[in-house]
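Everything on this sheet refers to the single structure shown next.
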Amino acid sequence: MSDSPSSVDQNLLTRLKDYQRVLGSFTRIASEALPLGRLLQHATAQAARVTHIRRAKVMRYRREQSDLLLEAGVGWDPGVVGHATLGVDHRSPPGRAIQTAGPIAIESLPDAPEYDHSGLLQDHGVISLLNVPIMVDGRTWGVLEVDTEHRTTFDDVDIEFLATLANVIGNAIARQEAEQKAITAEGERLREQAEADMAMQELQHRTKNNLQVITGMLSVKRRQVEGAEAREVLDSMIRRVEAVALAHDMLSTRKQPSDVEFSEYLRTLCASIEPNQRGIRIEVEAESALIPLNRAAPAALIVNELVTNSIKYAFGNEGGTIRIRFWIAHQFGEACLSVEDDGIGIKKPPERGLGLKLVEGFARQIGGQVHYLDVEKGSHTKVCFPVVL
């Protein structure tokens, strides 16, 4: 006795609900960070359970070997999953799905002369099968297949269900591949960055050593020359080389060997300046900021020249105070330096000797401007230059 129309409709409705429930459940699972093997195995188990078909499998297309490897499956003999392969030629049912990128449903494989009945399927008594391609980013990644041991007619509902399940698998594989590419790219970036940092640190170390050699040569020359003026010129040169060497010395120990902690640099630089006159104090007030070497070194040389000028010309025997300030003017995107003393002051406009010419030259090098401010006593010079923090 055949099923009545109402019972057929009810069976179809039940099947649709079951398929929808499995697809919803598997979609949620596929969004989790599961290993691919576990995800594929779960997909075959769900496909077999909801279709009431004993055997199901996922096969991955291997272009290099030109075959399909059985990656996951249920209902197969031990040793099949992970080892068995099938062809990808047009006589292989899953191969036909790979070539056409469409579903292949076969009601009776032994009676289909256009297809080969592989040894794997014969050994497991497979008569009917349905396979659908798994697509990843527009390419055919593999095939999802269900196999029965009795003659079965697969209708549009079965095909649509298995195709949708294959699409969910493909999306999960695409996401995992994208994540793996991102991880690999990030690892490569970190490796390249580490190599670049190491090379930069080595360069800074060598530069520092070269500058120390230059300082040594200038010191030897200073001892050989006669005359206070010549020694003073060499002293100035030595101080400038030492100021740059100090920056490279600080960079050689940093994790980011292209930026200088400028407040630390300033304090170390000013501590290394030894006033020849007793009673001269040097005070530093500086905000913490990382400044690129190509700006930090000229800015430090500006301070070096201004402090040296104050020590040499601003004070009498009673001494005085030199104040250095450094701050960031965030609203203008600038870093600012000022050097102020309470000495005898300078003429307006100032007479530009070698020291002030160097100050203005270093300021131009970093895109800055020099301002000689009016003060009641002593001198006050300010330099601001653009920075990106």
Identify whether [X] and [Y] are in the same connected component of the hydrophobic contact network (ILVMFWY, side-chain heavy atoms under 4.5 Å).
{"X": "Val74", "Y": "Leu40", "value": "no"}
{"X": "Val284", "Y": "Ile302", "value": "yes"}
{"X": "Leu69", "Y": "Val88", "value": "no"}
{"X": "Ile311", "Y": "Ile344", "value": "no"}

Residue pair Gln99, Arg96: steps toward the side chain to side chain donor-acceptor pair (under 3.5 Å) verdict: CA-CA 5 Å; Gln99 293 182 5; Arg96 186 75 65 89; 5.4 Å; no
List the atom of [X], the atom of [Y], and the distance in Å for their closest heavy-atom pair.
{"X": "Met59", "Y": "Leu70", "answer": "CG-CA, 4.0 Å"}
{"X": "Asp341", "Y": "Ser310", "answer": "OD2-OG, 2.7 Å"}
{"X": "Val143", "Y": "Pro94", "answer": "CG2-O, 3.7 Å"}
{"X": "Arg175", "Y": "Ala30", "answer": "NH1-O, 2.9 Å"}
{"X": "Asp342", "Y": "Gly320", "answer": "OD1-CA, 3.5 Å"}
{"X": "Ser108", "Y": "Ser128", "answer": "N-OG, 4.2 Å"}

Between [Y] and [X], is the closest basic N to carboxylate O distance under 4.0 Å?
{"X": "Arg189", "Y": "Glu186", "value": "yes"}
{"X": "Glu188", "Y": "Arg191", "value": "yes"}
{"X": "Arg323", "Y": "Glu340", "value": "no"}
{"X": "Glu177", "Y": "Lys181", "value": "no"}

Tell me, do [X] and [Y] make a side-chain contact under 4.5 Å, heavy atoms counted?
{"X": "Val50", "Y": "Phe161", "result": "yes"}
{"X": "Ile159", "Y": "Leu130", "result": "yes"}
{"X": "Asp89", "Y": "Ser92", "result": "yes"}
{"X": "Leu306", "Y": "Leu337", "result": "no"}
{"X": "Trp141", "Y": "Ile169", "result": "no"}
{"X": "Ile173", "Y": "Gln176", "result": "no"}
{"X": "Ile29", "Y": "His42", "result": "yes"}
{"X": "Pro110", "Y": "Ile127", "result": "yes"}

Test side-chain hydrogen bond (donor to acceptor under 3.5 Å, both in side chains) applied to Asp147 and Arg54, Lys57, His124, the passing residue: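 Of all the options given, the one that passes is Lys57.
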Can any side-chain N or O of [X] pair as donor or acceptor with the backbone N or O of [Y] at less than 3.5 Å?
{"X": "Ser25", "Y": "Arg21", "answer": "no"}
{"X": "Gln122", "Y": "His117", "answer": "yes"}
{"X": "Arg295", "Y": "Pro386", "answer": "yes"}
{"X": "Glu261", "Y": "Ala289", "answer": "yes"}

Value rounded to 0.5 Å, distance of CG in Leu129 from CZ in Phe154: 7.0 Å
